[in-house]
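Reading through the structure tokens given below for one structure.
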Amino acid sequence: MRDTSPDPALSATLLEWYDRHARDLPWRVAPAARRAGVMPDPYRVWLSEVMLQQTTVAAVRDYFHRFTRRWPRVEALAAAEDADVMGEWAGLGYYARARNLLKCARAVTADHGGVFPDDHDRLLALPGIGPYTAAAISAIAFDRPEVVMDGNVERVMARLFDIHTPLPDAKPALKARAAQLTPRTRPGDYAQAVMDLGATICSPKSPACGICPWRDPCQARSAGTAPELPKKQPKKTKPTRRGIAYIAERADGALLLERRPDSGLLGGMLGWPGTPWAETPTEDAPPFAADWQELEAEVRHTFTHFHLILRVRAARLPDGPVPPRLHLIERTAFRPSDLPTVMRKAYDLWRGGAA
DNA sequence: AAGACGTGGCT
DNA sequence: TAGCCAAGTCT
């Protein structure tokens, strides 16, 4: 292990690379414009950072465009209906983000006059903004020299300094290294540069060390250990749960759905009524008595912590009162894209067999 | 403080 | 195919 005293040229090297290779992203102000004094809209920085939590740029792009077209400013988002925001978020995952997005927009509008606070601590106090996002907004939107720690930065630091301690134990050491490198000039561009580097060149598998701006100082590259870093604790295997979803269609095409409770899996989202999802098969629990027909195929879906095998049963909904806690949605008002993916899979399966 | 919390792309 | 992985936060 060679000496690891901080090298003040490291951040400068990365910023030079970023000036030439920064990705063109819809929420980003290009480095040339930033150097000319143009700063990004904090609303767009916040929205993009929340969407990017545990989510790839490729998945976020279209959602970002739809959100900003529909709600161009934080006050507009704050005034939106919950169901519209949840529907627009559908498919992006981690739905607590959407619930907190609305809470945050309403807090910024009501408590901060529609202006995002420009300091880390007040950002951190807002719903859905944790240590990473508070630092990222501070740095990117307000050019504050925050230490921005995300998965990219952890990986880049683990490799640059050849740190073999497994995550999450390595986090303090990785953060100390990141703090050493964070520059006082252009901290916003620097933060975006490290994340770009991690997302493109210093990727988890087969990093492109040959074209990396930090290939010379990178200790893992010298040691040949870059592809195996950072080390991680082994993951637990996912159990398989099973359940039944019930799709009821009235003669005029209207569909019977439920709004899921705000907490827990798919919280706040629209879905088909059904049994709980459990490893041991649960009792049949149709929303009303009918001649339910089970589809031959089944939905397979994997969540963060379990696999799901979902059987789908369909029936005709008779005219009359709607069962409690369920919503009848006219077919013209029903958008499959409002459903979380697992529910949309069930819909696709049913419609493919029924229509 | 460890587990809950989604999804799609890549290997 | 099955597992790994992504610009984390909340409880």
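Atoms considered below: every heavy atom in the structure, side chains included; atoms not considered: hydrogens, waters and symmetry mates. Chain letters run A, B, ... following the sequence lines, proteins first, then strands; residues in each count from 1. Just so it is clear, the model here is predicted, and its values are computed rather than measured.
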For [X] and [Y], test the side chains for any donor-to-acceptor distance below 3.5 angstrom and give the result as yes or no.
{"X": "A:T240", "Y": "A:E279", "answer": "no"}
{"X": "A:D284", "Y": "A:Y246", "answer": "yes"}
{"X": "A:E49", "Y": "A:Y132", "answer": "yes"}

Item to check | Stepwise side chain to side chain donor-acceptor pair (under 3.5 Å) check, A:K238 with A:H305 | outcome: CA-CA 6 Å; A:K238 300 179 201 287; A:H305 52 295; over 6 Å; no
Checklist outcome for this item: Going 5' to 3' through nucleotides 6-11 of chain B and flagging B where a protein heavy-atom sits under 4.0 Å of the base, S where only the sugar-phosphate is that close, and - otherwise, we get BBS---
Next on the checklist: Quick check on DNA chain C: between A:T237 and A:A199, whose nearest nucleotide comes earlier from the 5' end?
Outcome noted: A:T237
Mind checking if [X] touches a base, just sugar-phosphate, or nothing, with heavy atoms under 4.0 Å?
{"X": "A:L25", "value": "base"}
{"X": "A:K232", "value": "sugar-phosphate"}
{"X": "A:R300", "value": "nothing"}

Nearest whole Å is fine: how far is [N] [atom2] from [X] [atom1]?
{"X": "A:M195", "N": "C:dA6", "atom1": "CE", "atom2": "P", "result": "14 Å"}
{"X": "A:D150", "N": "C:dC5", "atom1": "CG", "atom2": "C1'", "result": "13 Å"}
{"X": "A:L47", "N": "C:dG8", "atom1": "CG", "atom2": "P", "result": "15 Å"}
{"X": "A:N100", "N": "C:dT9", "atom1": "CG", "atom2": "P", "result": "11 Å"}
{"X": "A:D262", "N": "C:dT11", "atom1": "CG", "atom2": "C1'", "result": "15 Å"}
{"X": "A:L101", "N": "C:dC10", "atom1": "CG", "atom2": "C1'", "result": "16 Å"}
{"X": "A:M51", "N": "C:dT9", "atom1": "CE", "atom2": "C1'", "result": "17 Å"}
{"X": "A:L197", "N": "C:dA6", "atom1": "CG", "atom2": "P", "result": "14 Å"}

Checklist entry - If only side-chain N and O atoms of A:K236 are considered, is one of them under 4.0 Å from the OP1 or OP2 phosphate oxygen of B:dA2? => result no
Next on the checklist: Taking only side-chain N and O atoms of A:H305, does any of them lie within less than 4.0 angstrom of OP1 or OP2 on B:dC5?
Outcome noted: yes
Next on the checklist: With a 3.5 Å distance limit and no angle check, can you tell me whether A:R260 reaches the backbone of A:G271 through a side-chain donor-acceptor pair?
Outcome noted: no
Item to check | Donor-acceptor under 3.5 Å (A:R159 side chain, A:C202 main chain) | outcome: yes
Checklist entry - So, do A:W27 and A:L52 sit near enough that their side-chain heavy atoms are less than 4.5 Å apart? => result yes
